[in-house]
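Side chains included, hydrogens not; waters and symmetry mates left out as well; all remaining heavy atoms used. Values in this document were obtained by computation on a predicted structure and should not be read as measured data.
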Amino acid sequence: MRVILVLVVITAFSVQLCTSQKSSFTKSLKNPKLIKLWETDTVLNDLESAIYDKRNTILYVTSINGHWMKPNGKGFISKVDINGKIKNHKWIDNIEGPTGTAIYKDKLFVADFDTVLEIDINTSKIVKRHKIEGTERINDLTSSEDGAIYGSGTKSGKLFVLKDGIVTILKNDLEWPNGVLYEKGNILIGLGDKTIKSYNLKTKTSKTVAKDISNPDGIIAIGNDDYLISSWEGMIHYVTKNGDKTMLLDTTKEKVNSADIAYIPELKMVLVPAMLQHKLTAYRLIDEN
């Protein structure tokens, strides 16, 4: 009976995507919950990041396929549909160890050690490789409305921007920066000191958005000025604009990771890469009153 119910829910989501373009939440959630929908087969080796391509109704999932600090030419990117079916296991193959992703128009940008790959989605080809000097390991990427690609250099402590082929270092003294999110002229950054900072691109000043979040990895906005923030070891917090936190998921005892999470607003679907378990899991975010 449970299997049948899950299939019905997933089918409903698929129909909704085709018939509705409603945005996500507009008010803070009083009692947020995550309901598990599906998980992929365990063939996404050491996956780090997932991102949704709305134009093509597909997910791109990056798999390091090895140690996150050792490039090996075995990394790959998969295409997965919104029901968890792997459509193309190695859509892009033989790269060093892909992590964070960003999309702008018909281009997918992927962090691959000290390089940002620019992939033409329509041709499935890497069209440019942007080397970011001084970044031993680029971790996450995020895009703005004007096509600027922002990224974190975790070991180097850097925040950089790639725009029109030109790289600019915005910060070089950050403590273990990981997840990044562009929003309204600011870059949210998850740091190794367990804080989430917001860096204003115009004033070049920072403020603290949240505290005491261990190993912050993915940061996603859900449409109501609140966020979901993952901790790599297996936690997801709901964080309000005031910095209040609610634990939505804790799989640390099961040793199931939650790396660079993604969000599909139309479906209120949260996508959680479990790196060491080699699978992507989808949840629906609800406000349980």
Side-chain angles (χ1 to χ4, degrees), residues 39-53 58-80 84 86-103 108-119 121 124 126 129-132 135-142 149-158 160 162 176-181 190 192 214-220 230-236 251-252 255-262 271-282:
E39 61 183 35
T40 64
D41 293 335
T42 55
V43 296
L44 303 173
N45 303 78
D46 309 303
L47 76 161
E48 159 64 17
S49 178
I51 193 168
Y52 178 59
D53 177 358
I58 201 74
L59 303 167
Y60 305 111
V61 181
T62 61
S63 289
I64 299 170
N65 199 17
H67 193 282
W68 82 285
M69 278 305 299
K70 296 179 180 179
N72 60 18
K74 297 180 181 179
F76 60 91
I77 303 169
S78 303
K79 294 174 77 171
V80 178
I86 298 173
K87 305 296 288 186
N88 191 333
H89 185 212
K90 294 186 177 181
W91 174 60
I92 302 292
D93 200 3
N94 301 318
I95 51 182
E96 298 301 334
T99 50
T101 52
I103 291 177
L108 173 68
F109 295 85
V110 181
D112 196 32
F113 282 88
D114 64 350
T115 300
V116 175
L117 307 177
E118 184 175 340
I119 300 170
I121 291 171
S124 304
I126 298 173
R129 298 174 186 263
H130 305 274
K131 189 167 184 178
I132 314 298
T135 54
E136 184 179 354
R137 188 23 146 168
I138 305 167
N139 203 324
D140 198 15
L141 300 176
T142 185
I149 306 298
Y150 298 87
S152 59
T154 296
K155 290 198 71 176
S156 60
K158 288 181 169 57
F160 67 87
L162 170 66
W176 205 257
N178 189 341
V180 290
L181 172 68
S214 175
N215 294 309
D217 201 321
I219 307 171
I220 54 178
S230 63
S231 295
W232 186 86
E233 57 263 52
M235 294 176 285
I236 295 178
T251 55
T252 54
K255 297 182 179 181
V256 176
N257 317 100
S258 51
D260 189 9
I261 57 177
L271 299 146
V272 184
M275 178 184 284
L276 301 183
Q277 293 70 41
H278 317 300
K279 64 183 179 180
L280 181 68
T281 304

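Checked against side-chain hydrogen bond (donor to acceptor under 3.5 Å, both in side chains), Tyr60 has the following partners two or more places apart in sequence or in another chain: Asp53. Applying the side-chain hydrogen bond (donor to acceptor under 3.5 Å, both in side chains) criterion to His278, with sequence neighbours excluded, gives no partner residue. When the side-chain contact (heavy atoms from CB on, under 4.5 Å) test is applied to Lys70, the partners found at least two apart in sequence or on another chain are His67. Partners of Phe76 under the ring-ring contact (aromatic ring centres under 6.0 Å, His included) rule, at least two apart in sequence or in another chain, are His89. Remark: Lys155 engages Glu136 in a salt bridge (Lys or Arg N to Asp or Glu O under 4.0 Å) (not counting sequence neighbours). Here Pro177 pairs with Ser152, Leu174, Ile189, Leu191 under the side-chain contact (heavy atoms from CB on, under 4.5 Å) rule; sequence neighbours left out.
Between the Ser258 side chain and the Val272 main chain, no donor and acceptor come within less than 3.5 Å of each other. Under a 3.5 Å cut-off, the side chain of Arg137 and the backbone N or O of Trp68 do form a donor-acceptor pair. Within the 3.5 Å criterion, the main-chain N or O of Trp232 finds no donor-acceptor partner in the side chain of Asn215.
Once rounded to the nearest 0.5 Å, the distance linking NE2 of His130 with CD1 of Ile149 reads 8.5 Å. Rounding to the nearest 0.5 Å places OG1 of Thr135 at 11.5 Å from CZ of Phe113. In this structure, the separation between CZ on Arg129 and OG1 on Thr115 is 7.5 Å, given to the nearest 0.5 Å. For the atom pair Ile103 CD1 and Thr142 OG1, the distance stands at 11.5 Å (nearest 0.5 Å). Taken to the nearest 0.5 Å, the CD1 atom of Ile77 stands 6.5 Å off from the CG atom of Leu117. Note: Asn257 CG to Thr252 OG1 = 10.5 Å, rounded to the nearest 0.5 Å.
Legend: side chain to side chain donor-acceptor pair (under 3.5 Å) pairs involving residues 39-49, not counting sequence neighbours, sorted by first then second residue: Lys36-Glu39, Glu39-Lys279, Ser49-Thr101, Ser49-Asp260.
A pairwise comparison of heavy atoms in Trp176 and Thr154 identifies CE2-CG2, 3.2 Å as the closest pair. When all heavy atoms of Pro273 and Leu280 are compared, the pair lying nearest together is N-CD1, 3.7 Å. Looking at every heavy atom in both residues, Asn178 comes nearest to Pro216 through CB-O, 3.4 Å. Closest heavy-atom contact between Val256 and Ala274: CG1-CB, 3.9 Å. Between Gly151 and Leu141, the closest heavy-atom pair is CA-CD2, 3.8 Å. Across all non-hydrogen atoms, the minimal contact from Gly218 to Ser230 is N-OG, 2.8 Å.
Residues Val61 and Ile86 are not in side-chain contact: their nearest non-hydrogen atoms beyond the backbone lie 4.5 Å or more apart. At a threshold of 4.5 Å between non-hydrogen side-chain atoms, the residues Ile126 and Ile119 count as touching.
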Identify all side-chain donor-acceptor contacts of residues 91-99 below 3.5 Å with residues at least two apart in sequence or on another chain.
residue: Trp91; atom: NE1; partner: Ser124; partner atom: OG; Å: 2.7
residue: Glu96; atom: OE1; partner: Asn72; partner atom: N; Å: 3.3
residue: Glu96; atom: OE1; partner: Gly73; partner atom: N; Å: 3.0
residue: Thr99; atom: OG1; partner: Ile138; partner atom: O; Å: 3.2
residue: Thr99; atom: OG1; partner: Asn139; partner atom: O; Å: 2.8

